[in-house]
Structures are given as structure tokens and as C-alpha cells.
Colleague: 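One structure is given below, represented as C-alpha cells, and several questions about it will come after.
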Amino acid sequence: MVFKQPDKNEFEQVKQLVEEFWLFNENMQPKQFSILSDKGRVIAFGRLIEHSEATELCTMGVAKEFQKKGLGEKMVEHLIRMAKRDVYLVTILPGFFAKSGFKVVQDYPDSLRKKVEICTKEYHVEEPYFVMKCNIQ
Ligand SMILES: CC(C)(COP(=O)(O)OP(=O)(O)OC[C@H]1O[C@@H](n2cnc3c(N)ncnc32)[C@H](O)[C@@H]1OP(=O)(O)O)[C@@H](O)C(=O)NCCC(=O)NCCS
């Protein structure tokens with residue numbers, strides 16, 4: 001399984017999946033993303049954003065037909081391996097990320113606080129948002 005940065009065509013596919021899943025889509029740059037592809041088709045993607053005071057994992061997903069096969073967990077583990085400092089994220093799926101070592105935290109940097117505000121306002125859903133952190137050794 002080879003993780004790579006998306007090329008132009010693959011990045012267009014990532015954008016479509018982001019829209020389909022209604023994921024956070026601000027300031028997306030190809031170099032922030034890692035993907036897995038199968039015969040030219042993007043089947044999993046995820047993103048690390050470098051804020052001045054924190055690294056954030058976000059905008060990740062697995063194409064519907066490929067879900068529940070372990071690819072989501074593999075993508076999270078890959079992004080953790082890529083990170084050079086502790087990784088934060090904002091999610092409504094704490095159970096999924098807990099499997100890869102993320103823990104819910106109450107103390108977190110301002111960039112994550114802003115992200116929670118954006119999610120709560122612009123990506124409003126019934127489920128509550130949690131901030132989680134994974135410590136990098
Ligand atoms: C969330 C998502 C990335 C999971 O990807 P996936 O490839 O289906 O997940 P995996 O097969 O790797 O699952 C790994 C483990 O997490 C669990 N899991 C998967 N989805 C979960 C969920 N929504 N809540 C809790 N646990 C979940 C699985 O049961 C599995 O556990 P197991 O190994 O004990 O069976 C995928 O469902 C998706 O793309 N959803 C739409 C986009 C999205 O919500 N992105 C996350 C935004 S924060």
C-alpha cells in the first residue's frame with residue numbers, strides 16, 4: 001500500500017470526495033494531502049495542516065465502497081507517522097480516532113479552538129464535536 005501526494009487529477013478527485021462527504025475544505029493544497037489510489041482512482045485521503053502552534057489532522061475520508069476495510073485506520077496511522085509534533089484534530093467520531101491512539105483533550109491551542117467554532121457554525125450536525133490529541137514520541 002503506497003501513500004503519495006495527489007497529482008493534479010487525483011487532487012480533483014479529492015476535492016469531489018471532500019464535497020461528497022461535506023468535509024472542511026478551506027485552503028486545501030495538494031502538498032498537505034496523502035492519498036491511496038487504486039488504478040488511478042483515489043480511494044482514501046487525509047490532510048495535515050501546519051498551524052503556527054500546532055499540527056492538525058483533518059479532511060480525511062475513504063471512498064464509500066472501500067470503507068470498513070481498515071483503510072481509514074491505515075491513513076490515520078500514516079499521517080501520524082508523517083507528523084513531526086503532537087497531532088490534534090476536531091471530530092464527531094472520537095471512537096474511530098481513539099483506535100489510533102487519539103485522546104479527547106480539553107486544553108488545546110487557539111487554532112483548534114477556532115476550528116471548533118467554524119465546525120459548530122458552518123458544519124453544524126447533531127453530534128457534538130470533540131478535540132483529540134495524539135502524542136508524537
Ligand atoms: C470515518 C472513515 C474515514 C472511516 O474509514 P474506514 O476505512 O471505514 O475505517 P476502518 O475500516 O479503518 O475502521 C477502523 C476501525 O474504526 C472503526 N470505525 C470506523 N468508522 C467508525 C465510526 N464512524 N465510529 C466509530 N468507529 C468507527 C471500525 O469499526 C474499525 O474498528 P475495528 O478494527 O475494531 O473493526 C470513513 O467512514 C469515512 O470516510 N467517512 C466519511 C468522511 C468522514 O466522516 N471523515 C472523518 C471526518 S473527522
Side-chain angles (χ1 to χ4, degrees):
M1 192 131 320
V2 182
F3 293 92
K4 65 188 285 275
Q5 256 183 40
D7 64 21
K8 211 168 169 217
N9 170 276
E10 290 161 339
F11 191 52
E12 289 308 310
Q13 296 183 52
V14 170
K15 286 192 206 161
Q16 279 174 19
L17 288 162
V18 168
E19 199 173 321
E20 183 186 321
F21 290 140
W22 197 40
L23 299 175
F24 181 76
N25 65 0
E26 276 177 28
N27 301 321
M28 296 201 304
Q29 298 160 29
K31 66 173 188 211
Q32 298 171 325
F33 281 86
S34 292
I35 62 157
L36 288 172
S37 66
D38 182 44
K39 300 182 191 99
R41 179 174 169 207
V42 173
I43 57 174
F45 60 94
R47 176 189 191 191
L48 286 180
I49 299 180
E50 294 300 334
H51 299 288
S52 55
E53 24 51 303
T55 297
E56 179 187 358
L57 187 165
C58 76
T59 320
M60 76 154 285
V62 174
K64 283 231 163 63
E65 314 87 282
F66 293 87
Q67 289 182 3
K68 301 194 166 80
K69 298 179 195 298
L71 292 181
E73 196 169 350
K74 284 203 168 67
M75 178 57 74
V76 174
E77 282 162 9
H78 166 72
L79 293 170
I80 291 170
R81 277 196 304 276
M82 301 268 292
K84 296 181 180 60
R85 53 185 177 172
D86 295 345
V87 181
Y88 292 83
L89 57 81
V90 177
T91 188
I92 57 170
L93 304 175
F96 169 68
F97 290 102
K99 297 208 171 262
S100 304
F102 279 87
K103 294 201 163 51
V104 173
V105 287
Q106 309 299 334
D107 272 341
Y108 39 83
D110 277 351
S111 48
L112 275 295
R113 200 168 304 285
K114 279 192 201 120
K115 183 66 176 287
V116 174
E117 282 170 23
I118 293 170
C119 290
T120 311
K121 275 192 201 137
E122 296 176 27
Y123 294 83
H124 181 74
V125 287
E126 293 302 314
E127 300 88 342
Y129 280 102
F130 295 90
V131 179
M132 302 183 83
K133 178 183 181 186
C134 177
N135 293 316
I136 303 296
Q137 309 301 327

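The shown structure was predicted, so the numbers you read here are calculated from the model rather than taken from an experiment. Order of listing sets the numbers, starting from 1, for every ligand and every atom in it.
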Colleague: At under 4.0 Å between heavy atoms, which part of Met75 makes contact with ligand 1: side chain, backbone, both or neither?
Modeller: neither
Colleague: Among Met75, Met60, Gln5, Arg47, whose side-chain contact (heavy atoms from CB on, under 4.5 Å) with Ser34 holds?
Modeller: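 Of the listed residues Met75, Met60, Gln5, Arg47, the side-chain contact (heavy atoms from CB on, under 4.5 Å) partner of Ser34 is Met75.
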Colleague: If you count the atoms of ligand 1 from 1 in the order shown, which ones are under 4.0 Å from a heavy atom of Leu71?
Modeller: 7 (O), 12 (O)
Colleague: Among all protein heavy atoms, pick out the one at the shortest distance from atom 47 (C) of ligand 1; state its residue, atom name and that distance to 0.1 Å.
Modeller: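 Going by distance alone, atom 47 (C) of ligand 1 is nearest to Leu23 CD2, 3.9 Å.
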Colleague: Check whether any side-chain N or O of Arg85 sits under 3.5 Å from a backbone N or O of Ala54 as a donor-acceptor pair, and report yes or no.
Modeller: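 Yes: the side chain of Arg85 pairs with the backbone of Ala54.
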Colleague: Which residue holds the protein heavy atom closest to atom 43 (C) of ligand 1, what is that atom called, and what is the gap in Å?
Modeller: Met60 O, 3.8 Å
Colleague: Taking only residues two or more places apart in sequence, or in another chain, which ones meet Phe11 in a ring-ring contact (aromatic ring centres under 6.0 Å, His included)?
Modeller: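 Residues passing ring-ring contact (aromatic ring centres under 6.0 Å, His included) with Phe11: Phe33.
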Colleague: What protein heavy atom sits nearest atom 44 (O) of ligand 1, and how far away is it?
Modeller: Leu93 CD1, 3.8 Å
Colleague: Which atoms of ligand 1 sit under 4.0 Å from any heavy atom of Gly61?
Modeller: 39 (O)
Colleague: Taking N or O atoms only and a 3.5 Å limit, does Phe66 qualify as a polar contact for ligand 1?
Modeller: no
Colleague: Please check if atom CD in Glu19 has more than 12 non-hydrogen atoms from other residues, nucleotides or ligands closer than 6.0 Å.
Modeller: no
Colleague: Name the option, out of Ala98, Gly72, Gly70, that contains the heavy atom nearest to atom 11 (O) of ligand 1.
Modeller: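 Shortest heavy-atom distance from atom 11 (O) of ligand 1: Gly70.
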Colleague: Looking at Trp22, Tyr129, Phe21, which hits ring pair (Phe, Tyr, Trp, His ring centres under 6.0 Å) with Tyr123?
Modeller: Trp22
Colleague: Show which atoms of ligand 1 fall inside a sub-4.0 Å distance from at least one heavy-atom site of Lys69.
Modeller: 11 (O)
Colleague: Quick one: does Phe24's side chain get under 4.5 Å of Glu56's, heavy atoms only?
Modeller: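 The answer is no; the side chains never approach within 4.5 Å.
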Colleague: Determine whether any protein heavy atom is located less than 4.0 Å from atom 35 (O) of ligand 1.
Modeller: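 Flag for atom 35 (O) of ligand 1 set to false, no protein heavy atom closer than 4.0 Å.
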Colleague: How far is atom 33 (O) of ligand 1 from its nearest protein heavy atom, and which residue and atom name does that atom have?
Modeller: Glu73 OE1, 4.0 Å
Colleague: Can you tell me which residue and heavy atom of the protein come closest to atom 6 (P) of ligand 1, and the distance to 0.1 Å?
Modeller: Lys68 N, 3.6 Å
Colleague: For atom 28 (C) of ligand 1, what is the closest protein heavy atom, and at what distance to 0.1 Å?
Modeller: Lys99 CE, 4.4 Å
Colleague: To the nearest 0.5 Å, how far apart are CG in Leu93 and CZ in Phe102?
Modeller: 12.5 Å
Colleague: Measuring from Thr59:OG1 to Asn27:CG, what's the distance to the nearest 0.5 Å?
Modeller: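 One finds 10.5 Å between OG1 of Thr59 and CG of Asn27.
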Colleague: Specify the protein heavy atom at minimum distance from atom 27 (C) of ligand 1: its residue, its atom name, and the distance to 0.1 Å.
Modeller: Phe96 CB, 3.7 Å
Colleague: Do me a favour and list the nearest non-hydrogen protein atom to atom 38 (C) of ligand 1 with residue, atom name and distance?
Modeller: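 Checked against all protein heavy atoms, atom 38 (C) of ligand 1 sits closest to Gln67 NE2, 3.3 Å.
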Colleague: Verify the neighbour count for atom NZ of Lys4: are there more than 12 heavy atoms of other residues, nucleotides or ligands below 6.0 Å?
Modeller: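 Result for NZ/Lys4: enclosed.
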Colleague: I need the Asp110 CG to His51 NE2 distance, nearest 0.5 Å.
Modeller: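 Rounded to the nearest 0.5 Å, the CG-NE2 separation comes to 11.0 Å.
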